[in-house]
Structures are given as structure tokens and as C-alpha cells.
Amino acid sequence: MANQNEKELAGRAAAELVVSGNIVGLGTGSTAYFALVALGERVKSGLKIVGIPTSDATAELARAVGIPLSTLDEHPEIDIAIDGADEIDPHLRLIKGGGGALLREKIIAAASKKMVVVADSSKVVSVLGRFPLPVEIIPFASAVLEKKITALGATCKLRTRSDGSAFVTDEGHHILDCSFGKIADPPALARALNDMPGVVEHGLFIGIAKVVLVGKGSSVAEIRPESIRKPVRAKRARPRPARQKQKPRNRRRS
């Protein structure tokens with residue numbers, strides 16, 4: 001219950017960042033849900049926005065709360081995207097994809113001028129990897145990719161539905177949930193996965209999030225990446241040229 005309250009606080013705080021005229025990327029998941037509900041309330045009060053959903057489920061919810069929708073074809077540049085995360089590290093690197101929408105989520109986040117992440121306090125970690133990393137793959141390459149990703153040190157499991165059938169994304173792909181444990185070098189792992197034919201996308205979001213709003217108890221904390229908090233180096237003063245002594249002028253006697 002506490003987590004639900006924190007999620008709602010974070011989602012509603014993010015919705016307040018949206019202004020009339022914005023093209024808004026609408027995320028998927030339990031925390032993004034509260035942002036959509038809050039945006040729907042603001043739309044009913046006169047807010048003029050257009051939403052670009054990250055999943056079919058989000059599109060359905062957006063229509064239900066009254067948010068006008070469009071597509072990336074119509075609006076290839078998005079002003080602000082609001083989405084959740086499964087894990088967030090101090091550099092604002094994320095693991096996403098628990099809801100199965102990571103491909104569209106990453107496309108929309110990358111097309112946005114500003115990605116705002118909303119989360120409850122349990123999602124903030126010191127090192128990524130406690131949550132299994134979702135990797136979206138084409139079904140044809142499932143066995144090959146499971147072997148290759150396992151060789152990187154992961155335990156892989158094909159995501160399934162409650163009836164035991166393979167989970168299928170909105171784009172018709174499968175997902176391998178890959179447990180690496182602590183991920184020491186997320187950028188290196190991202191590159192390794194990107195180089196594997198058959199991997200459509202993975203849930204490592206690196207260098208994309210601009211700010212995180214985290215519900216903590218009864219308040220919301222704003223987190224920005226540590227990597228941008230660089231000490232300012234003092235500029236060295238340039239040495240001034242030495243002044244030449246002027247010879248005294250001979251005064252004329254009157």
C-alpha cells in the first residue's frame with residue numbers, strides 16, 4: 001500500500017510538468033498509470049496536449065481518461081515523455097521492460113526532448129541488476145540468443161503468460177528475462193547485446209532519462225544524474241603585461 005501511495009505521488013508530480021501545447025510520450029506500467037490519470041483530469045480542466053502511447057494498453061487507458069492521441073508519424077519530436085522504471089541507479093541508468101513495452105518505450109524516450117521517470121522508492125538502487133534485464137528478441141533466434149546471453153553470465157528465462165504460452169509484445173516479439181546479478185558495466189553490456197543479431201532491443205536505458213521523480217513516504221524527491229554534477233574548474237587568470245615606467249617629462253619653466 002505504501003508503494004502505491006508513492007507511485008501516485010510521483011505520477012501526479014510528473015503530470016504537473018506538462019504544459020498546454022505539449023506532445024507527450026505516455027509510458028506504460030503501474031506508476032505511469034497515475035500520471036495518465038492525472039493528465040486526464042487536467043485535460044478535462046482545459047489542458048491542451050497530444051499523447052503518443054508506448055503500448056496498446058496505454059493507448060486504451062489514455063482514451064478512457066480523455067487524452068487525445070496521435071502517432072510518431074504525425075509528431076516525430078516529443079516535448080516530454082513520462083514513464084516508469086524497474087530499477088534506477090545514481091547515474092539515472094535504468095532497467096525497463098517489466099511490462100513488456102520496452103521497445104516502444106525506448107523509441108519514444110529517445111524521440112523526446114525530456115524523459116521524466118516516475119517511481120516509488122523501492123526502484124532506486126546503487127547498482128543495476130537485481131531486477132532481471134528484459135531482452136526483446138525475434139522468436140526465430142530464441143535458442144541461439146539464450147545461449148549467447150548465458151555466455152555473458154546471465155540466467156535466461158523466456159517470458160510466458162499465465163497459461164504457459166510465450167509472452168508476445170505489441171510488435172510480435174518474445175522477451176528473455178536475463179538475470180545477471182550486479183551489472184558492473186551497463187554500457188558495455190548494452191553494446192554486447194546490441195551486437196547480437198536477433199536482439200530487437202534491451203531494457204538498459206543509458207543516457208536517456210533527464211530527471212527522476214521518486215515518491216518517498218508522503219513527499220516526492222527529484223533526482224538528477226550524478227554524472228552531470230561535475231566540479232567547476234576555476235579559470236586561471238592570464239598574467240597581465242608589466243607596465244613600463246614612463247620617463248618623467250621635462251617641464252618647461254614659464
Side-chain angles (χ1 to χ4, degrees), residues 25 27-32 52-58 72 78 81-112 115-119 123-161 166-210 212 225 227:
T28 297
S30 57
T31 313
I52 312 292
T54 56
S55 67
D56 294 345
T58 292
L72 279 176
I78 297 170
I82 300 173
D83 209 344
D86 298 301
E87 282 191 345
I88 307 158
D89 80 0
H91 302 286
L92 267 58
R93 297 178 295 202
L94 317 173
I95 286 182
K96 286 179 54 57
L102 63 113
L103 175 58
R104 292 188 187 180
E105 287 174 337
K106 189 175 282 190
I107 290 170
I108 286 178
S112 302
M115 182 193 185
V116 177
V117 179
V118 289
K123 304 299 174 61
V124 180
V125 298
S126 57
V127 181
L128 297 179
R130 181 179 61 192
F131 191 90
L133 176 65
V135 180
E136 188 162 338
I137 63 172
I138 62 170
F140 177 77
S142 182
V144 172
L145 288 171
E146 183 173 350
K147 184 177 180 180
K148 287 187 175 182
I149 298 172
T150 298
L152 294 178
T155 299
C156 300
K157 184 179 180 181
L158 181 69
R159 187 177 298 187
T160 58
R161 298 188 182 278
F167 175 88
V168 180
T169 70
D170 290 343
E171 297 296 325
H173 304 131
H174 289 176
I175 289 181
L176 288 175
D177 288 310
C178 306
S179 299
F180 284 91
K182 291 184 178 180
I183 301 174
D185 192 342
L189 177 57
R191 289 191 295 270
L193 294 170
N194 287 337
D195 287 343
M196 293 182 183
V199 168
V200 180
E201 193 50 85
H202 55 77
L204 286 170
F205 284 50
I206 299 172
I208 297 177
K210 303 301 182 185
V212 174
S227 58

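Atom NZ of K147 is separated from atom SG of C156 by 13.0 Å, given to the nearest 0.5 angstrom. The CD1 atom of I95 lies 9.5 Å from the CD1 atom of I206; values are rounded to the nearest 0.5 Å. If you take CD1 on I88 and CZ on F205, they are separated by 12.0 Å, rounding to the nearest 0.5 Å. Note that OG1 of T31 and CD1 of I82 are 12.0 Å apart. Values are rounded to the nearest 0.5 Å.
Here the shortest heavy-atom pairing between L72 and A111 reads CD2-CB, 4.4 Å. Annotation for I78 and G25: closest pair CG2-N, 3.4 Å, computed over non-hydrogen atoms. Here the closest non-hydrogen pair linking S126 and D89 is O-CB, 4.2 Å.
Between M196 and I149 there is a side-chain heavy-atom pair separated by less than 4.5 Å. Residues L92 and V117 are not in side-chain contact: their nearest non-hydrogen atoms beyond the backbone lie 4.5 Å or more apart.
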Which side-chain N or O atoms in residues 131-141 pair as donor and acceptor under 3.5 Å with protein atoms at least two apart or in another chain?
from	atom 1	to	atom 2	distance (Å)
E136	OE2	T169	OG1	3.1
E136	OE2	H173	ND1	2.8

Report, one line per pair, each donor and acceptor closer than 3.5 Å where one atom sits in a side chain of residues 183-190; sequence neighbours left out.
from	atom 1	to	atom 2	distance (Å)
D185	OD1	A188	N	3.2

Listing, residues 96-108 side-chain donor-acceptor contacts under 3.5 Å, not counting sequence neighbours, or none:
from	atom 1	to	atom 2	distance (Å)
K96	NZ	D83	OD1	3.4
K96	NZ	D83	OD2	3.3
K96	NZ	G84	O	2.6
K96	NZ	E105	OE1	3.3
R104	NE	E171	OE2	2.8
R104	NH1	D56	OD1	3.2
R104	NH2	E171	OE2	3.0
K106	NZ	E201	OE2	3.0
K106	NZ	H202	O	3.0
K106	NZ	L204	O	2.8

- Under the side chain to side chain contact (heavy atoms under 4.5 Å, CB included) rule, what do V127 and V125 come out as? Steps first, then yes or no, please. CA-CA 6 Å; V127 181; V125 298; 5.9 Å; no
- Could you walk me through whether E87 and L94 pass the side chain to side chain contact (heavy atoms under 4.5 Å, CB included) check? CA-CA 5 Å; E87 282 191 345; L94 317 173; over 6 Å; no
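In this model, no donor atom of one side chain and acceptor atom of the other lie less than 3.5 Å apart for T155 and S179.
Counting only distance, with no hydrogens or angles, the side chain of T28 and the backbone of T58 share no donor-acceptor pair below 3.5 Å.
Remark: D177 does not engage K157 in a salt bridge, criterion side-chain N to carboxylate O under 4.0 Å.
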